[in-house]
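In what follows, a structure is listed as structure tokens, so that the remarks can point back to it.
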Amino acid sequence: MSVTKIAVFASGRGSNFQVVYQRIKDGYIPAEIALLISDNPHAGALAFAAAHDIPCTVIRPKDFATPEMFGEELLHALLAQQIEFIVLAGYLKKIPGNVVQHYANRIVNIHPALLPAFGGRGMYGIRVHEAVFLSGAKISGLTVHLVNDEYDAGPIVLQKAVAIDDCNSPADIARKVLEVEHQALPEAIKLLLEKSYAVEGNRVILGKRSYENQTGID
Ligand code: GRF
């Protein structure tokens, strides 16, 4: 099995990034993290990357006049490392259209709720869990999906449900969901890198030839 060069994007703590790193190290995911990109110079993810000799860089959208220019800078960094696949692990900024296009169906994001509910612009971090808590839902979960031009709306790769009827706060829900995220994100990445998959409408069809683990699919 060949090893895919991936980039991880993270804005904060980076626990999902760390789990992906560990699961690559133990041989579960056939990949190499060749780049960590953050928009936040204080991200825990950056400190972890630096401590583990993972090339990392900070690229902030506010330093660019347009999303396109931000995207060009991202593409420059990604192509310099020959990145084939991108994992958004707690990344809070919108991926510019030129990057989405270049890496069409080769970018995954993890969202800490069962999409299409509790997603969209402004729905990230604890805000998601607050909305779930206030809704009175008895089940939450996570969604790993491919990234398209809309927030949290790309084709779903994998979902896992988590019972939350014993949770007394949004923070309780966040803790329970995060535990399952740490299993699900490596599982989804492995699935996509090892199997061929096709995207039909908004559906991901695993085992169907279209997007394969190879460089240069556009
Ligand atoms: C996770 O809950 C993830 O689903 C969401 O942001 C959080 C990031 O946590 N997108 P961490 O930085 O991976 O610890």
Side-chain angles (χ1 to χ4, degrees), residues 6-25 28-29 31 33 35-52 54 56-61 85-95 99-100 107-133 137 139-148 150-164 167 169-192:
I6 68 173
V8 178
F9 286 37
S11 299
R13 174 178 59 185
S15 70
N16 278 291
F17 163 50
Q18 293 182 31
V19 165
V20 171
Y21 173 82
Q22 298 300 347
R23 297 313 317 263
I24 287 174
K25 254 199 125 182
Y28 178 72
I29 303 171
I33 302 178
L35 185 61
L36 181 276
I37 294 184
S38 186
D39 58 307
N40 169 14
H42 308 294
L46 271 179
F48 182 88
H52 292 80
I54 299 167
C56 50
T57 182
V58 176
I59 304 176
R60 302 183 304 179
F85 190 88
I86 299 171
V87 176
L88 309 184
Y91 184 68
L92 301 182
K93 296 294 186 297
K94 194 160 201 280
I95 300 295
V99 178
V100 172
I107 308 177
V108 282
N109 178 47
I110 182 155
H111 183 79
L114 293 172
L115 294 172
F118 306 112
R121 195 189 179 93
M123 282 296 254
Y124 57 84
I126 197 69
R127 293 185 190 187
V128 177
H129 304 296
E130 277 163 2
V132 171
F133 185 73
I139 291 173
S140 190
L142 63 96
T143 303
V144 181
H145 65 92
L146 300 176
V147 170
N148 63 13
E150 282 172 69
Y151 278 107
D152 300 326
I156 291 171
V157 178
L158 182 152
Q159 291 185 299
K160 287 193 191 286
V162 176
I164 53 167
C167 291
S169 67
D172 276 357
I173 301 175
R175 257 190 304 278
K176 270 194 108 168
V177 170
L178 189 66
E179 228 171 87
V180 187
E181 287 185 48
H182 291 166
Q183 300 157 20
L185 183 58
E187 192 180 324
I189 298 169
K190 181 182 173 73
L191 217 66
L192 293 177

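Just so you know, ligand 1 is whichever comes first in the structure, and atom 1 is the first atom listed for that ligand.
- The protein heavy-atom contact nearest to atom 12 (O) of ligand 1 is G14 N, 2.7 Å.
- Minimum interatomic distance between N148 and G154 (heavy atoms only, all atoms of both residues): ND2-CA, 3.4 Å.
- Distance alone, capped at 3.5 Å, places no donor-acceptor pair between the N109 side chain and the H145 backbone.
- A search for side chain to side chain contact (heavy atoms under 4.5 Å, CB included) contacts involving V180 returns L142, K160, V162, Q183, not counting sequence neighbours.
- A heavy-atom separation below 4.0 Å is not found between A10 and ligand 1.
- For the pair R13 and ligand 1, the shortest N or O to N or O distance falls below 3.5 Å.
- Here the heavy atom of the protein found nearest to atom 2 (O) of ligand 1 is E181 OE2, 2.9 Å.
- Checked by atom type and distance alone, the side chain of H52 never pairs as donor or acceptor with a backbone atom of Q18 at under 3.5 Å.
- Regarding atom 10 (N) of ligand 1, its nearest protein heavy-atom neighbour is I110 O, 3.0 Å.
- Taking only nitrogen or oxygen atoms, main chain and side chain alike, S15 reaches within less than 3.5 Å of ligand 1.
- At a 3.5 angstrom cut-off on N or O pairs, N109 does not count as close to ligand 1.
- With hydrogens and angles ignored, the 3.5 Å screen pairs no side-chain donor or acceptor of R121 with any backbone N or O of Y151.
- Of the protein's non-hydrogen atoms, G90 CA, 4.3 Å is the one closest to atom 7 (C) of ligand 1.
- With hydrogens and angles disregarded, a donor-acceptor distance shorter than 3.5 Å links the side chain of K190 to the backbone of Y28.
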